[in-house]
Number of protein chains: 2
Amino acid sequence: MAETNVEWLTPKEMATRCGISPETLRYYEQEGLLNVVARNAGNQRRYDADDVAWVEVLRCLRVTALPIRELKRFAELVRQGNDGLAGRIDLLKAHRREVLAQRRALDGALKMIAHKIDVYAQQLDSVPPVDTHGMNTTPTLRGQGVRRAL
Amino acid sequence: MAETNVEWLTPKEMATRCGISPETLRYYEQEGLLNVVARNAGNQRRYDADDVAWVEVLRCLRVTALPIRELKRFAELVRQGNDGLAGRIDLLKAHRREVLAQRRALDGALKMIAHKIDVYAQQLDSVPPVDTHGMNTTPTLRGQGVRRAL
DNA sequence: GCTTGACCCGAAGTGCACTCCAGGTTGTCT
DNA sequence: AGACAACCTGGAGTGCACTTCGGGTCAAGC
């Protein structure tokens with residue numbers, strides 16, 4: 001295993017390159033996400049540059065929480081060639097909407113986290129009265145069946 | 001169930017308010033994420049504004065993929081009051097790093113998705129030669145044991 | 001040619017985060 | 001008072017995405 005700049009990659013090399021374990025790569029293949037990976041004379045997998053490119057696409061979609069089921073659908077649409085083109089565009093556009101929503105959620109959470117860190121940091125160097133941060137430490141009976149307006 | 005502006009919320013109302021099912025809320029409570037929720041005389045849960053605030057924090061952390069295990073740790077640190085303050089800051093700072101990494105991944109993926117959509121759209125109104133997008137449709141034998149350099 | 005590590009396969013197992021179920025109680029409405 | 005929804009509990013079940021296992025094959029260095 002001296003050469004690295006070659007025409008194909010072994011499963012292990014592929015795993016390192018793509019950041020996906022060989023087992024997962026086999027799993028993806030068996031789920032029909034990869035379509036026919038080439039083999040050598042001894043039946044061992046040989047991944048090529050196209051495989052790498054495709055797996056990178058899959059990884060992008062996976063890390064943005066596209067379920068395997070959808071990846072399958074996408075792979076199927078690719079297999080259909082031009083017939084699947086419109087479907088692929090639809091799928092990607094729908095997913096993009098999802099990802100944009102995720103990013104909004106992330107940004108909201110980041111704001112909240114930053115705020116909490118600030119508040120905590122201030123408390124840390126002023127050793128203030130205890131802040132329970134919304135967690136009840138002293139449960140009380142509330143609501144005996146009749147509602148009291150605020 | 002005419003009143004809505006009251007001092008407490010039933011499980012169902014709480015679920016609607018927080019976007020988390022009553023079952024999940026019970027599950028969180030039982031996992032020690034919520035600490036002692038108040039009950040009415042008939043043993044039914046009554047969530048108050050503090051509960052809402054805290055669950056919103058939990059939800060922020062969960063949607064950014066903080067595992068339940070960490071939420072538990074965080075809740076425990078809150079329970080410890082000032083003794084847990086430093087730990088809470090550490091936890092949130094570590095998580096913030098994670099979330100920032102997530103956002104970078106998201107942005108990378110968005111770029112890729114946008115690019116693919118462009119490429120596909122162009123193909124769509126030019127009906128070009130088939131693009132397999134890195135998926136092998138015609139497997140070939142490669143590598144009989146001897147490596148060929150590129 | 002023998003060892004050692006990488007690889008093959010199908011099948012079973014794992015961890016996470018819920019989600020549902022059965023059987024019983026409570027609350028509200030008419 | 002009767003009907004009906006919402007609630008309670010402990011425990012079992014689900015879906016997802018891997019991950020591990022067992023038993024065998026392959027390949028590269030000494």
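Heavy atoms only: backbone and side chains are in, while hydrogens, waters and symmetry mates are out. Each chain gets a letter, A, B and so on, in the order its sequence line appears, and its residues count up from 1.
- At a threshold of 4.0 angstrom between heavy atoms, the contacts of A/Pro22 with the nucleic acid are absent.
- Between A/Thr24 and D/dA17 there is no side-chain polar atom (N or O) within less than 4.0 angstrom of OP1 or OP2.
- A sub-4.0 Å separation between OP1 or OP2 of C/dC7 and a side-chain N or O of A/Thr10 is present.
- A/Thr64 pairs in a side chain to side chain donor-acceptor pair (under 3.5 Å) with only one of the listed residues (A/Gln102, A/Arg96, A/His95), which is A/His95.
- At C/dT25, none of the side-chain N or O atoms of B/Arg39 fall inside 4.0 Å of OP1 or OP2 (strictly under the cut-off).
- By the 4.0 Å N-to-carboxylate-O rule, B/Asp107 lies close enough to A/Arg103 to be salt-bridged with it.
- One finds no side-chain N or O of B/Arg45 lying less than 4.0 angstrom from the OP1 or OP2 phosphate oxygen of D/dC7.
- Residue-to-nucleotide proximity on DNA chain C shows that, of B/Arg69 and B/Arg26, the 5′-proximal contact is made by B/Arg69.
- At the phosphate of D/dC26, neither OP1 nor OP2 sits under 4.0 Å from any side-chain N or O atom of A/Arg46.
- Place A/Asn43 and B/Arg62 on DNA chain C by their nearest nucleotides, and A/Asn43 ends up nearer the 5' end.
- Residue B/Arg45 holds its CZ atom at 6.0 Å from CZ of B/Arg26, rounded to the nearest 0.5 Å.
- At the phosphate of D/dA17, neither OP1 nor OP2 sits under 4.0 Å from any side-chain N or O atom of A/Tyr28.
- Ring orientation note: the planes of B/Phe74 and A/Tyr120 are tilted relative to one another, at an angle of 30° to 60°.
- Applying the 4.0 Å criterion to OP1 and OP2 of C/dC7, one finds that A/Asn40 has every side-chain N and O outside that range.
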